[in-house]
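Each remark here refers to the structure printed beneath this line.
By convention in this document, chain letters (A, B, ...) are assigned in the order of the sequence lines, proteins followed by strands, and residues within each chain are numbered from 1.
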Amino acid sequence: MIDPHLLREDPEAVAETLARRGYRFDVVRWRELEERRKEYQIRMEALQSERKEASKAVGEAKKTGDEATAEERKGRAETINRELEEVSAAFEEVKAEQHQWLLDMPNLPDPEVPEGEDETANAEIRREGGRPEFGFEPADHADLGETLGILDAGTGAKLAGSRFTVLWGMGTRLCRALGQLMMDIHADEHGYTEVAPPALARGEILEGTGQLPKFEEDLFRTEADGLYLIPTAEVPLTNLHRDTIADSGELPARYVAWTACFRREAGSYGKDTRGMIRQHQFDKVELVQVVHPDQGLQAWEEIRGHAEVVLQRLEIPYRVVELCTGDLGFAARRTYDLEVWLPGQGAYREISSVSWCHDFQARRMQARFRNGEGKPRLAHTLNGSGVAIGRALVALLENFQQRQGSVVIPEALRPYMGYRNRIGVSRPQGGSPG
RNA sequence: GGAGGGGUGGCCGAGUGGUCGAAGGCGCCUGACUCGAAAUCAGGUGACGGCUCCGCCGUCCGGGGGUUCGAAUCCCUCCCCCUCCGCCA
(Lines give C-alpha, C1' and ligand atoms only; values in the text may rest on other atoms or scores of the structure.)
Protein backbone atom coordinates (compact mmCIF):
# COMPACT_ATOMS: atom_id res chain seq x y z
CA MET A 1 0.00 0.00 0.00
CA ILE A 2 1.24 3.44 -0.89
CA ASP A 3 1.77 5.86 1.98
CA PRO A 4 -1.53 7.76 2.39
CA HIS A 5 0.34 10.82 3.61
CA LEU A 6 2.33 10.99 0.41
CA LEU A 7 -0.86 10.58 -1.52
CA ARG A 8 -2.41 13.47 0.34
CA GLU A 9 0.55 15.80 0.13
CA ASP A 10 1.53 15.23 -3.47
CA PRO A 11 -0.88 13.09 -5.47
CA GLU A 12 0.57 14.46 -8.74
CA ALA A 13 3.97 13.01 -7.93
CA VAL A 14 2.38 9.66 -7.10
CA ALA A 15 0.45 9.69 -10.35
CA GLU A 16 3.59 10.50 -12.30
CA THR A 17 5.57 7.71 -10.70
CA LEU A 18 2.78 5.20 -11.20
CA ALA A 19 2.47 6.25 -14.83
CA ARG A 20 6.04 5.00 -15.32
CA ARG A 21 4.77 1.48 -14.77
CA GLY A 22 1.69 1.97 -16.86
CA TYR A 23 -0.79 2.56 -14.07
CA ARG A 24 -3.19 5.45 -14.42
CA PHE A 25 -4.08 7.23 -11.20
CA ASP A 26 -6.99 9.64 -11.33
CA VAL A 27 -5.75 12.59 -9.29
CA VAL A 28 -8.84 14.71 -9.80
CA ARG A 29 -11.14 12.02 -8.48
CA TRP A 30 -8.80 11.33 -5.58
CA ARG A 31 -8.70 14.99 -4.61
CA GLU A 32 -12.47 15.07 -4.67
CA LEU A 33 -12.65 12.07 -2.34
CA GLU A 34 -10.07 13.62 -0.05
CA GLU A 35 -12.04 16.81 0.31
CA ARG A 36 -15.18 14.92 1.20
CA ARG A 37 -13.30 12.71 3.60
CA LYS A 38 -11.89 15.70 5.40
CA GLU A 39 -15.19 17.48 5.64
CA TYR A 40 -17.04 14.42 6.96
CA GLN A 41 -14.31 13.44 9.35
CA ILE A 42 -14.07 16.86 10.98
CA ARG A 43 -17.83 17.03 11.37
CA MET A 44 -18.07 13.47 12.64
CA GLU A 45 -15.41 13.91 15.28
CA ALA A 46 -16.96 17.14 16.47
CA LEU A 47 -20.29 15.38 16.89
CA GLN A 48 -18.67 12.49 18.69
CA SER A 49 -17.12 14.94 21.07
CA GLU A 50 -20.48 16.59 21.68
CA ARG A 51 -22.17 13.29 22.30
CA LYS A 52 -19.50 12.31 24.76
CA GLU A 53 -20.15 15.47 26.76
CA ALA A 54 -23.89 15.01 26.58
CA SER A 55 -23.73 11.42 27.77
CA LYS A 56 -21.51 12.39 30.60
CA ALA A 57 -24.08 14.99 31.61
CA VAL A 58 -26.80 12.34 31.67
CA GLY A 59 -24.70 10.25 34.01
CA GLU A 60 -24.15 13.19 36.32
CA ALA A 61 -27.84 13.99 36.50
CA LYS A 62 -28.69 10.36 37.24
CA LYS A 63 -26.15 10.28 40.01
CA THR A 64 -27.85 13.13 41.80
CA GLY A 65 -31.20 11.43 41.24
CA ASP A 66 -32.45 14.24 39.02
CA GLU A 67 -34.46 12.11 36.61
CA ALA A 68 -36.14 15.01 34.84
CA THR A 69 -32.83 16.63 33.92
CA ALA A 70 -31.45 13.25 32.93
CA GLU A 71 -34.33 12.68 30.53
CA GLU A 72 -33.96 16.11 29.03
CA ARG A 73 -30.24 15.56 28.47
CA LYS A 74 -30.93 12.19 26.91
CA GLY A 75 -33.06 13.92 24.36
CA ARG A 76 -30.21 16.24 23.50
CA ALA A 77 -27.87 13.31 23.03
CA GLU A 78 -30.38 11.60 20.81
CA THR A 79 -30.55 14.62 18.56
CA ILE A 80 -26.80 14.63 18.22
CA ASN A 81 -26.87 10.93 17.49
CA ARG A 82 -29.23 11.32 14.58
CA GLU A 83 -26.93 13.72 12.82
CA LEU A 84 -23.89 11.71 13.77
CA GLU A 85 -25.34 8.62 12.18
CA GLU A 86 -25.78 10.37 8.87
CA VAL A 87 -22.35 11.93 8.85
CA SER A 88 -20.58 8.73 9.87
CA ALA A 89 -22.32 6.77 7.16
CA ALA A 90 -21.12 9.27 4.59
CA PHE A 91 -17.64 9.22 6.04
CA GLU A 92 -17.44 5.42 6.04
CA GLU A 93 -18.54 5.32 2.45
CA VAL A 94 -15.79 7.66 1.29
CA LYS A 95 -13.26 5.92 3.48
CA ALA A 96 -14.15 2.51 2.05
CA GLU A 97 -13.80 3.78 -1.49
CA GLN A 98 -10.40 5.23 -0.71
CA HIS A 99 -9.29 2.00 0.93
CA GLN A 100 -10.37 -0.08 -2.02
CA TRP A 101 -8.46 2.29 -4.22
CA LEU A 102 -5.32 1.94 -2.15
CA LEU A 103 -5.53 -1.85 -2.14
CA ASP A 104 -5.64 -1.94 -5.93
CA MET A 105 -2.75 0.47 -6.41
CA PRO A 106 0.64 -1.09 -7.18
CA ASN A 107 3.89 -0.06 -5.54
CA LEU A 108 5.88 2.95 -6.72
CA PRO A 109 8.90 2.00 -8.82
CA ASP A 110 12.26 3.22 -7.55
CA PRO A 111 13.81 6.13 -9.52
CA GLU A 112 16.61 3.75 -10.52
CA VAL A 113 14.29 1.30 -12.27
CA PRO A 114 14.83 1.30 -16.05
CA GLU A 115 11.96 2.69 -18.06
CA GLY A 116 10.00 0.31 -20.28
CA GLU A 117 6.66 -1.22 -21.14
CA ASP A 118 7.40 -4.93 -20.98
CA GLU A 119 10.09 -7.56 -20.50
CA THR A 120 11.85 -6.58 -23.72
CA ALA A 121 12.97 -3.41 -21.92
CA ASN A 122 14.51 -5.23 -18.96
CA ALA A 123 18.14 -4.38 -18.38
CA GLU A 124 20.68 -7.17 -18.58
CA ILE A 125 23.26 -6.58 -15.87
CA ARG A 126 25.71 -9.41 -16.61
CA ARG A 127 26.10 -13.03 -17.66
CA GLU A 128 27.73 -15.73 -15.62
CA GLY A 129 28.98 -19.23 -16.41
CA GLY A 130 29.97 -20.61 -19.77
CA ARG A 131 27.23 -22.08 -21.91
CA PRO A 132 27.87 -25.75 -22.64
CA GLU A 133 29.09 -26.80 -26.09
CA PHE A 134 27.32 -29.82 -27.51
CA GLY A 135 28.59 -31.80 -30.44
CA PHE A 136 24.96 -32.52 -31.21
CA GLU A 137 21.55 -30.89 -31.22
CA PRO A 138 20.60 -30.51 -27.51
CA ALA A 139 17.21 -31.92 -26.53
CA ASP A 140 14.75 -30.09 -24.36
CA HIS A 141 14.01 -31.29 -20.85
CA ALA A 142 10.63 -32.72 -21.73
CA ASP A 143 12.18 -35.15 -24.20
CA LEU A 144 15.12 -35.85 -21.92
CA GLY A 145 12.88 -36.45 -18.97
CA GLU A 146 10.69 -38.83 -20.91
CA THR A 147 13.66 -40.75 -22.32
CA LEU A 148 15.11 -41.04 -18.83
CA GLY A 149 11.75 -42.10 -17.47
CA ILE A 150 11.80 -39.43 -14.77
CA LEU A 151 9.26 -36.83 -15.99
CA ASP A 152 5.75 -37.99 -16.81
CA ALA A 153 3.33 -35.33 -18.02
CA GLY A 154 0.76 -37.87 -19.21
CA THR A 155 0.26 -39.39 -15.80
CA GLY A 156 0.24 -35.94 -14.23
CA ALA A 157 -2.62 -35.00 -16.52
CA LYS A 158 -4.44 -38.22 -15.70
CA LEU A 159 -4.29 -37.48 -12.01
CA ALA A 160 -4.86 -33.74 -11.91
CA GLY A 161 -5.03 -32.27 -15.41
CA SER A 162 -2.67 -30.34 -17.61
CA ARG A 163 0.29 -28.52 -16.09
CA PHE A 164 0.85 -31.30 -13.57
CA THR A 165 3.77 -33.68 -13.83
CA VAL A 166 4.58 -36.92 -12.07
CA LEU A 167 8.22 -37.36 -11.16
CA TRP A 168 9.62 -40.90 -11.12
CA GLY A 169 12.73 -42.38 -9.57
CA MET A 170 15.76 -40.23 -10.22
CA GLY A 171 13.53 -37.29 -11.10
CA THR A 172 12.15 -37.32 -7.61
CA ARG A 173 15.59 -37.85 -6.20
CA LEU A 174 16.91 -34.90 -8.15
CA CYS A 175 14.15 -32.69 -6.88
CA ARG A 176 14.81 -33.75 -3.31
CA ALA A 177 18.57 -33.27 -3.71
CA LEU A 178 18.18 -29.81 -5.21
CA GLY A 179 15.91 -28.69 -2.40
CA GLN A 180 18.22 -30.09 0.22
CA LEU A 181 21.29 -28.43 -1.28
CA MET A 182 19.55 -25.07 -1.47
CA MET A 183 18.25 -25.27 2.08
CA ASP A 184 21.72 -26.16 3.36
CA ILE A 185 23.34 -23.26 1.52
CA HIS A 186 20.90 -20.70 2.83
CA ALA A 187 20.52 -22.03 6.35
CA ASP A 188 24.16 -22.92 7.00
CA GLU A 189 26.08 -20.45 4.87
CA HIS A 190 23.77 -17.45 4.54
CA GLY A 191 22.27 -17.40 8.01
CA TYR A 192 18.59 -17.87 7.24
CA THR A 193 16.23 -19.45 9.74
CA GLU A 194 14.50 -22.50 8.32
CA VAL A 195 10.72 -22.36 8.43
CA ALA A 196 8.07 -24.86 7.43
CA PRO A 197 4.96 -22.71 6.97
CA PRO A 198 1.39 -23.74 6.11
CA ALA A 199 0.76 -24.17 2.40
CA LEU A 200 -2.71 -22.70 2.82
CA ALA A 201 -3.50 -19.23 4.06
CA ARG A 202 -6.40 -16.94 4.80
CA GLY A 203 -7.42 -14.19 2.45
CA GLU A 204 -6.13 -11.40 4.67
CA ILE A 205 -2.68 -13.00 4.59
CA LEU A 206 -2.68 -12.89 0.80
CA GLU A 207 -3.87 -9.32 0.99
CA GLY A 208 -0.88 -8.49 3.14
CA THR A 209 1.61 -9.48 0.49
CA GLY A 210 -0.48 -8.06 -2.34
CA GLN A 211 -1.91 -11.11 -4.16
CA LEU A 212 -5.37 -10.05 -3.07
CA PRO A 213 -7.72 -8.46 -3.80
CA LYS A 214 -6.46 -7.91 -7.33
CA PHE A 215 -5.17 -11.30 -8.43
CA GLU A 216 -7.74 -13.71 -7.08
CA GLU A 217 -7.97 -15.50 -10.43
CA ASP A 218 -4.32 -16.59 -10.14
CA LEU A 219 -4.97 -18.50 -6.93
CA PHE A 220 -6.38 -21.86 -5.95
CA ARG A 221 -8.99 -21.62 -3.23
CA THR A 222 -10.49 -24.36 -1.10
CA GLU A 223 -14.22 -24.42 -1.35
CA ALA A 224 -15.21 -25.57 2.12
CA ASP A 225 -12.96 -23.26 4.12
CA GLY A 226 -12.20 -20.42 1.76
CA LEU A 227 -8.47 -20.83 2.25
CA TYR A 228 -5.98 -20.15 -0.50
CA LEU A 229 -3.11 -22.38 -1.57
CA ILE A 230 0.03 -20.32 -1.40
CA PRO A 231 1.47 -19.25 -4.77
CA THR A 232 4.85 -18.76 -3.07
CA ALA A 233 6.28 -19.12 0.42
CA GLU A 234 6.81 -15.36 0.31
CA VAL A 235 3.20 -15.14 1.47
CA PRO A 236 3.44 -16.99 4.80
CA LEU A 237 7.06 -16.02 5.48
CA THR A 238 6.53 -12.29 5.09
CA ASN A 239 3.33 -12.47 7.10
CA LEU A 240 5.24 -13.92 10.03
CA HIS A 241 5.70 -10.25 10.89
CA ARG A 242 2.08 -9.32 10.42
CA ASP A 243 0.75 -7.10 13.24
CA THR A 244 3.97 -7.34 15.16
CA ILE A 245 6.48 -4.80 16.34
CA ALA A 246 9.96 -6.27 16.18
CA ASP A 247 12.48 -5.25 18.80
CA SER A 248 15.57 -3.54 17.45
CA GLY A 249 17.64 -6.68 17.90
CA GLU A 250 15.27 -8.84 15.84
CA LEU A 251 16.08 -7.21 12.52
CA PRO A 252 17.19 -8.12 9.99
CA ALA A 253 15.05 -11.26 10.10
CA ARG A 254 15.93 -13.87 7.49
CA TYR A 255 13.71 -16.82 6.66
CA VAL A 256 14.08 -19.68 4.21
CA ALA A 257 11.41 -22.23 3.36
CA TRP A 258 11.06 -25.08 0.90
CA THR A 259 7.42 -25.40 -0.07
CA ALA A 260 5.16 -26.41 -2.85
CA CYS A 261 3.68 -23.43 -4.69
CA PHE A 262 0.31 -23.39 -6.43
CA ARG A 263 -0.68 -21.14 -9.29
CA ARG A 264 -3.69 -21.27 -11.55
CA GLU A 265 -1.76 -19.65 -14.39
CA ALA A 266 -4.93 -18.03 -15.61
CA GLY A 267 -4.29 -16.10 -18.78
CA SER A 268 -1.24 -18.08 -19.84
CA TYR A 269 -3.10 -20.72 -21.80
CA GLY A 270 -0.79 -20.97 -24.80
CA LYS A 271 2.45 -20.47 -22.91
CA ASP A 272 4.96 -23.17 -22.01
CA THR A 273 2.49 -25.99 -22.43
CA ARG A 274 5.36 -28.41 -23.00
CA GLY A 275 7.50 -29.63 -20.14
CA MET A 276 7.88 -28.46 -16.58
CA ILE A 277 8.51 -24.75 -17.04
CA ARG A 278 5.04 -23.63 -16.10
CA GLN A 279 3.19 -25.91 -13.70
CA HIS A 280 0.20 -25.47 -11.42
CA GLN A 281 2.28 -26.96 -8.62
CA PHE A 282 6.02 -26.66 -8.17
CA ASP A 283 8.57 -26.71 -5.39
CA LYS A 284 10.54 -23.62 -4.56
CA VAL A 285 13.03 -22.54 -1.95
CA GLU A 286 12.14 -19.02 -0.94
CA LEU A 287 14.14 -16.37 0.90
CA VAL A 288 12.46 -13.57 2.82
CA GLN A 289 14.03 -10.74 4.77
CA VAL A 290 12.39 -8.18 7.01
CA VAL A 291 14.79 -5.31 7.59
CA HIS A 292 15.30 -1.77 8.84
CA PRO A 293 14.45 0.70 6.04
CA ASP A 294 18.07 1.85 5.89
CA GLN A 295 19.09 -1.66 4.94
CA GLY A 296 16.51 -2.26 2.24
CA LEU A 297 18.73 -1.70 -0.76
CA GLN A 298 21.61 -3.60 0.76
CA ALA A 299 19.39 -6.58 1.59
CA TRP A 300 18.10 -6.63 -1.95
CA GLU A 301 21.61 -6.98 -3.36
CA GLU A 302 22.39 -9.54 -0.69
CA ILE A 303 19.48 -11.81 -1.55
CA ARG A 304 20.34 -11.64 -5.23
CA GLY A 305 23.84 -12.79 -4.29
CA HIS A 306 22.44 -15.61 -2.17
CA ALA A 307 20.34 -16.87 -5.06
CA GLU A 308 23.30 -16.63 -7.43
CA VAL A 309 25.37 -18.86 -5.18
CA VAL A 310 22.93 -21.69 -5.84
CA LEU A 311 23.28 -21.40 -9.59
CA GLN A 312 27.04 -21.10 -9.36
CA ARG A 313 27.22 -24.17 -7.14
CA LEU A 314 25.12 -26.05 -9.69
CA GLU A 315 27.31 -24.77 -12.53
CA ILE A 316 24.32 -23.55 -14.48
CA PRO A 317 24.93 -20.56 -16.80
CA TYR A 318 22.69 -17.59 -16.09
CA ARG A 319 22.26 -13.89 -16.42
CA VAL A 320 21.13 -11.15 -14.07
CA VAL A 321 18.40 -8.82 -15.27
CA GLU A 322 16.79 -5.83 -13.64
CA LEU A 323 13.12 -5.60 -14.49
CA CYS A 324 11.90 -2.43 -16.16
CA THR A 325 9.02 -0.35 -14.78
CA GLY A 326 6.43 -2.12 -16.94
CA ASP A 327 7.49 -5.61 -15.89
CA LEU A 328 7.60 -5.02 -12.13
CA GLY A 329 5.36 -7.11 -9.92
CA PHE A 330 2.51 -5.46 -8.03
CA ALA A 331 4.29 -5.13 -4.69
CA ALA A 332 7.83 -4.55 -5.94
CA ARG A 333 9.81 -1.35 -5.96
CA ARG A 334 12.83 -2.95 -7.65
CA THR A 335 13.33 -6.48 -8.94
CA TYR A 336 16.21 -8.57 -10.19
CA ASP A 337 15.47 -11.71 -12.16
CA LEU A 338 17.99 -14.49 -12.49
CA GLU A 339 17.54 -16.28 -15.79
CA VAL A 340 19.13 -19.64 -16.51
CA TRP A 341 20.33 -20.69 -19.92
CA LEU A 342 18.20 -23.47 -21.40
CA PRO A 343 19.98 -25.08 -24.38
CA GLY A 344 16.83 -26.95 -25.37
CA GLN A 345 15.03 -23.64 -25.86
CA GLY A 346 18.06 -21.60 -26.80
CA ALA A 347 16.88 -18.96 -24.36
CA TYR A 348 17.34 -17.57 -20.87
CA ARG A 349 14.41 -18.31 -18.59
CA GLU A 350 13.53 -16.93 -15.17
CA ILE A 351 14.51 -19.13 -12.24
CA SER A 352 14.56 -16.53 -9.49
CA SER A 353 12.97 -13.19 -8.84
CA VAL A 354 14.35 -10.96 -6.11
CA SER A 355 12.19 -8.05 -5.02
CA TRP A 356 12.55 -5.15 -2.68
CA CYS A 357 9.05 -4.22 -1.61
CA HIS A 358 10.06 -1.20 0.46
CA ASP A 359 7.30 -0.57 3.02
CA PHE A 360 4.49 -1.52 0.61
CA GLN A 361 3.75 -4.94 2.10
CA ALA A 362 4.75 -3.85 5.59
CA ARG A 363 2.05 -1.18 5.55
CA ARG A 364 -0.57 -3.64 4.37
CA MET A 365 0.25 -6.12 7.10
CA GLN A 366 1.47 -3.68 9.75
CA ALA A 367 4.91 -5.25 10.04
CA ARG A 368 6.84 -2.84 12.21
CA PHE A 369 9.94 -2.43 14.34
CA ARG A 370 10.91 -0.14 17.17
CA ASN A 371 13.34 2.57 16.10
CA GLY A 372 16.08 4.25 18.17
CA GLU A 373 13.52 6.44 19.90
CA GLY A 374 11.36 3.46 20.74
CA LYS A 375 8.70 4.44 18.20
CA PRO A 376 7.08 1.82 15.95
CA ARG A 377 7.98 2.27 12.29
CA LEU A 378 7.25 0.23 9.17
CA ALA A 379 9.91 -2.28 8.21
CA HIS A 380 11.01 -3.14 4.70
CA THR A 381 10.24 -6.56 3.27
CA LEU A 382 12.15 -8.41 0.58
CA ASN A 383 11.82 -11.76 -1.04
CA GLY A 384 13.66 -13.85 -3.56
CA SER A 385 13.59 -17.35 -4.94
CA GLY A 386 16.60 -19.26 -3.82
CA VAL A 387 15.70 -20.87 -6.27
CA ALA A 388 12.77 -22.50 -8.08
CA ILE A 389 13.38 -26.23 -7.81
CA GLY A 390 11.35 -27.39 -10.80
CA ARG A 391 13.09 -24.99 -13.12
CA ALA A 392 16.47 -25.82 -11.62
CA LEU A 393 15.78 -29.44 -12.53
CA VAL A 394 14.89 -28.37 -16.05
CA ALA A 395 18.08 -26.32 -16.36
CA LEU A 396 20.17 -29.13 -14.99
CA LEU A 397 18.79 -31.69 -17.43
CA GLU A 398 19.26 -29.44 -20.43
CA ASN A 399 22.72 -28.13 -19.56
CA PHE A 400 24.23 -31.41 -18.42
CA GLN A 401 22.77 -33.71 -21.05
CA GLN A 402 25.05 -36.08 -22.93
CA ARG A 403 24.86 -37.37 -26.47
CA GLN A 404 23.03 -40.58 -25.53
CA GLY A 405 20.51 -38.74 -23.38
CA SER A 406 22.05 -39.40 -20.01
CA VAL A 407 22.67 -36.47 -17.67
CA VAL A 408 25.80 -35.72 -15.64
CA ILE A 409 25.21 -34.62 -12.10
CA PRO A 410 27.13 -31.49 -11.07
CA GLU A 411 29.72 -31.98 -8.35
CA ALA A 412 27.90 -30.05 -5.62
CA LEU A 413 24.79 -32.17 -5.95
CA ARG A 414 26.45 -35.58 -5.81
CA PRO A 415 26.51 -35.91 -2.02
CA TYR A 416 22.75 -35.46 -2.13
CA MET A 417 22.41 -38.01 -4.94
CA GLY A 418 24.03 -40.93 -3.18
CA TYR A 419 27.29 -39.99 -4.88
CA ARG A 420 25.97 -40.83 -8.31
CA ASN A 421 27.70 -38.86 -11.03
CA ARG A 422 25.15 -39.32 -13.77
CA ILE A 423 21.60 -40.38 -14.49
CA GLY A 424 21.40 -43.09 -17.10
CA VAL A 425 18.78 -43.96 -19.66
CA SER A 426 17.74 -47.27 -18.08
CA ARG A 427 14.21 -47.39 -16.70
CA PRO A 428 13.97 -46.91 -12.94
CA GLN A 429 13.62 -50.01 -10.76
CA GLY A 430 9.99 -51.00 -10.27
CA GLY A 431 9.08 -49.04 -13.35
CA SER A 432 5.77 -47.52 -14.21
CA PRO A 433 2.66 -49.60 -13.77
CA GLY A 434 1.23 -47.97 -16.88
C1' G B 1 -17.71 -32.95 15.17
C1' G B 2 -19.63 -32.55 20.78
C1' A B 3 -19.07 -30.04 25.87
C1' G B 4 -16.83 -26.23 28.63
C1' G B 5 -13.28 -22.04 29.54
C1' G B 6 -10.92 -17.80 27.53
C1' G B 7 -9.06 -13.56 24.09
C1' U B 8 -7.59 -6.41 27.84
C1' G B 9 -1.48 -1.73 26.52
C1' G B 10 5.78 -4.37 24.69
C1' C B 11 4.63 -8.58 28.39
C1' C B 12 1.69 -10.44 32.74
C1' G B 13 -2.92 -9.25 34.79
C1' A B 14 -7.47 -6.46 37.34
C1' G B 15 -11.88 -4.53 35.69
C1' U B 16 -19.23 -7.15 34.58
C1' G B 17 -23.33 -0.32 32.00
C1' G B 18 -21.21 5.95 33.29
C1' U B 19 -16.09 10.62 34.77
C1' C B 20 -11.89 3.75 32.14
C1' G B 21 -7.25 4.47 27.56
C1' A B 22 -8.36 1.31 31.37
C1' A B 23 -5.84 -0.68 38.65
C1' G B 24 -1.48 -3.40 39.88
C1' G B 25 3.04 -5.72 38.38
C1' C B 26 7.12 -6.52 34.84
C1' G B 27 9.90 -4.06 31.23
C1' C B 28 11.66 0.72 29.56
C1' C B 29 13.02 6.20 30.33
C1' U B 30 14.31 10.32 33.76
C1' G B 31 15.75 12.03 38.56
C1' A B 32 17.60 11.12 43.79
C1' C B 33 21.13 8.12 46.60
C1' U B 34 26.40 6.11 44.89
C1' C B 35 33.28 6.95 43.04
C1' G B 36 30.29 3.84 39.69
C1' A B 37 26.79 -0.12 39.50
C1' A B 38 23.10 -3.08 41.94
C1' A B 39 19.26 -2.48 45.38
C1' U B 40 15.89 1.33 47.04
C1' C B 41 12.83 5.76 46.49
C1' A B 42 10.18 9.57 43.28
C1' G B 43 8.23 10.74 38.55
C1' G B 44 7.29 9.35 33.58
C1' U B 45 6.12 5.63 29.80
C1' G B 46 0.38 2.87 24.29
C1' A B 47 -1.07 2.81 19.13
C1' C B 48 -3.58 4.96 15.12
C1' G B 49 -5.96 9.08 12.88
C1' G B 50 -7.79 14.30 12.19
C1' C B 51 -7.21 19.52 12.65
C1' U B 52 -6.86 26.07 13.01
C1' C B 53 -0.52 20.75 14.98
C1' C B 54 4.63 23.74 20.47
C1' G B 55 -1.92 22.37 21.39
C1' C B 56 -6.84 20.45 20.83
C1' C B 57 -10.04 16.51 19.25
C1' G B 58 -11.44 11.53 17.83
C1' U B 59 -10.86 6.16 17.56
C1' C B 60 -8.92 1.68 19.59
C1' C B 61 -9.94 -3.62 25.47
C1' G B 62 -9.71 -10.49 19.11
C1' G B 63 -12.93 -8.95 14.09
C1' G B 64 -17.87 -7.38 12.60
C1' G B 65 -22.88 -6.08 13.92
C1' G B 66 -26.69 -4.77 17.66
C1' U B 67 -29.05 -2.72 22.43
C1' U B 68 -28.34 2.12 25.11
C1' C B 69 -28.04 9.05 26.11
C1' G B 70 -23.55 6.12 27.28
C1' A B 71 -20.35 -0.62 26.37
C1' A B 72 -13.92 -3.39 27.86
C1' U B 73 -18.45 -4.50 30.51
C1' C B 74 -25.14 -6.70 27.90
C1' C B 75 -26.92 -9.39 23.08
C1' C B 76 -25.79 -11.68 18.07
C1' U B 77 -22.09 -13.46 14.81
C1' C B 78 -17.27 -14.74 13.02
C1' C B 79 -12.07 -15.82 14.07
C1' C B 80 -8.39 -17.64 17.33
C1' C B 81 -6.40 -20.08 21.85
C1' C B 82 -6.94 -23.68 26.02
C1' U B 83 -9.26 -28.25 28.54
C1' C B 84 -12.13 -32.81 28.05
C1' C B 85 -14.62 -36.38 24.64
C1' G B 86 -14.95 -38.36 19.63
C1' C B 87 -12.30 -39.05 14.99
C1' C B 88 -7.65 -39.20 12.53
C1' A B 89 -1.85 -38.97 9.74
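Using a 4.0 Å cut-off between charged side-chain N and carboxylate O, A:E398 and A:R349 make no salt bridge. With respect to the salt-bridge test (charged N to carboxylate O, under 4.0 angstrom), the residues A:E34 and A:R31 do not qualify.
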Listing, residues 205-215 of chain A side-chain donor-acceptor contacts under 3.5 Å, not counting sequence neighbours, or none:
unit_1 : atom_1 : unit_2 : atom_2 : d
A:T209 : OG1    : A:I205 : O      : 3.4
A:T209 : OG1    : A:Q211 : OE1    : 2.7
A:K214 : NZ     : A:D104 : O      : 2.8

Distance-only criterion, 3.5 Å: show the donor-acceptor pairs between side-chain atoms of residues 277-297 of chain A and protein atoms not counting sequence neighbours.
unit_1 : atom_1 : unit_2 : atom_2 : d
A:R278 : NE     : A:D272 : OD2    : 3.0
A:R278 : NH1    : A:E265 : OE1    : 3.2
A:R278 : NH2    : A:D272 : OD2    : 3.1
A:Q279 : OE1    : A:T165 : N      : 3.1
A:Q279 : OE1    : A:T165 : OG1    : 2.8
A:Q279 : NE2    : A:G275 : O      : 3.3
A:H280 : ND1    : A:R263 : O      : 2.7
A:H280 : ND1    : A:R264 : O      : 3.4
A:D283 : OD2    : A:W258 : NE1    : 3.0
A:K284 : NZ     : A:T232 : OG1    : 2.8
A:K284 : NZ     : A:E286 : OE1    : 2.7
A:Q289 : NE2    : A:Y192 : OH     : 3.0
A:Q289 : NE2    : A:E302 : OE2    : 3.0
A:H292 : ND1    : A:D294 : N      : 3.0

With a cut-off of 3.5 Å and sequence neighbours excluded, list every side-chain donor-acceptor pair involving residues 45-53 of chain A.
unit_1 : atom_1 : unit_2 : atom_2 : d
A:E45  : OE2    : A:Q41  : NE2    : 3.2
A:R51  : NH1    : A:N81  : OD1    : 3.0

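Each salt bridge (Lys or Arg N to Asp or Glu O under 4.0 Å) pair with one or both residues in residues 106-118 of chain A, not counting sequence neighbours, appears once here: A:R20-A:E115, A:D110-A:R333. Sequence neighbours left out, the pairs with a member in residues 73-95 of chain A that pass salt bridge (Lys or Arg N to Asp or Glu O under 4.0 Å) are A:R43-A:E83, A:E71-A:K74.
Contact check for A:K62 versus A:E67: side-chain heavy atoms found under the 4.5 Å cut-off.
Taking the P atoms as reference points, B:A32 lies 11 Å from B:A37, given to the whole Å. Rounded to whole Å, the separation between the C1' atoms of B:C85 and B:C74 comes to 32 Å. Separating the P atom of B:G44 from that of B:C48 is a span of 22 Å, rounded to the nearest Å. B:U8 and B:C81 have their P atoms separated by 14 Å, with the value rounded to a whole Å. The same atom, C1', is picked in B:G27 and in B:C12; the two are 11 Å apart, to the nearest Å. Taking atom P in both B:A42 and B:G25, one finds a spacing of 10 Å when rounded to whole Å. Separating the C1' atom of B:U83 from that of B:G46 is a span of 33 Å, rounded to the nearest Å. Taking the P atom of each, B:C79 and B:A72 are spaced 24 Å apart, rounded to whole Å.
Following rounding to the nearest Å, A:R43 (CZ) and B:C51 (P) show an atom-to-atom distance of 16 Å. Residue A:L251 contributes atom CG, which lies 17 Å from atom P of B:G10 at whole-angstrom precision. In this entry the distance linking CG of A:D247 with P of B:C28 reads 11 Å, nearest Å. Straight-line distance from the CZ atom of A:F369 to the C1' atom of B:G10: 16 Å, rounded to whole Å. In this structure, the CE atom of A:M1 is 13 Å from the P atom of B:C48, given to the nearest Å.
Contact annotation: A:R368 side-chain N/O to B:C48 OP1/OP2 distance is under 4.0 Å.
Nearest nucleotide to the side chain of A:Q41, out of B:C51, B:G10, B:G49: B:G49. Of the candidate nucleotides B:C51, B:G49, B:A47, B:C51 has the atom nearest to the side chain of A:K38.
In this structure, A:R370 reaches the sugar-phosphate backbone alone: every heavy-atom distance under 4.0 Å involves primed, P, OP1 or OP2 atoms, never a base. Residue-level contact check: A:R37 touches the backbone only, with heavy atoms under 4.0 Å from sugar-phosphate atoms and none from bases. Using a 4.0 Å heavy-atom cutoff across all strands shown, A:K95 reaches no nucleic acid atom at all.
Stem regions for RNA chain B, each three or more consecutive Watson-Crick or G-U pairs with both distances under 3.5 Å and listed by first number, read B:1-7 with B:79-85, B:10-12 with B:24-26, B:27-32 with B:40-45, B:46-51 with B:55-60, B:62-66 with B:74-78.
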- Note on the structure: Quick tally for nucleotides 53-79 of chain B: nucleotides whose base has a protein heavy atom under 4.0 Å get B, sugar-phosphate-only ones S, the rest -, giving ----BSS---------BS--------S
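The side-chain hydrogen bond (donor to acceptor under 3.5 Å, both in side chains) search around A:Y40 returns none, not counting sequence neighbours. Contacts of A:Y318 classified as side-chain hydrogen bond (donor to acceptor under 3.5 Å, both in side chains), with partners at least two apart in sequence or in another chain: A:E308, A:Q312.
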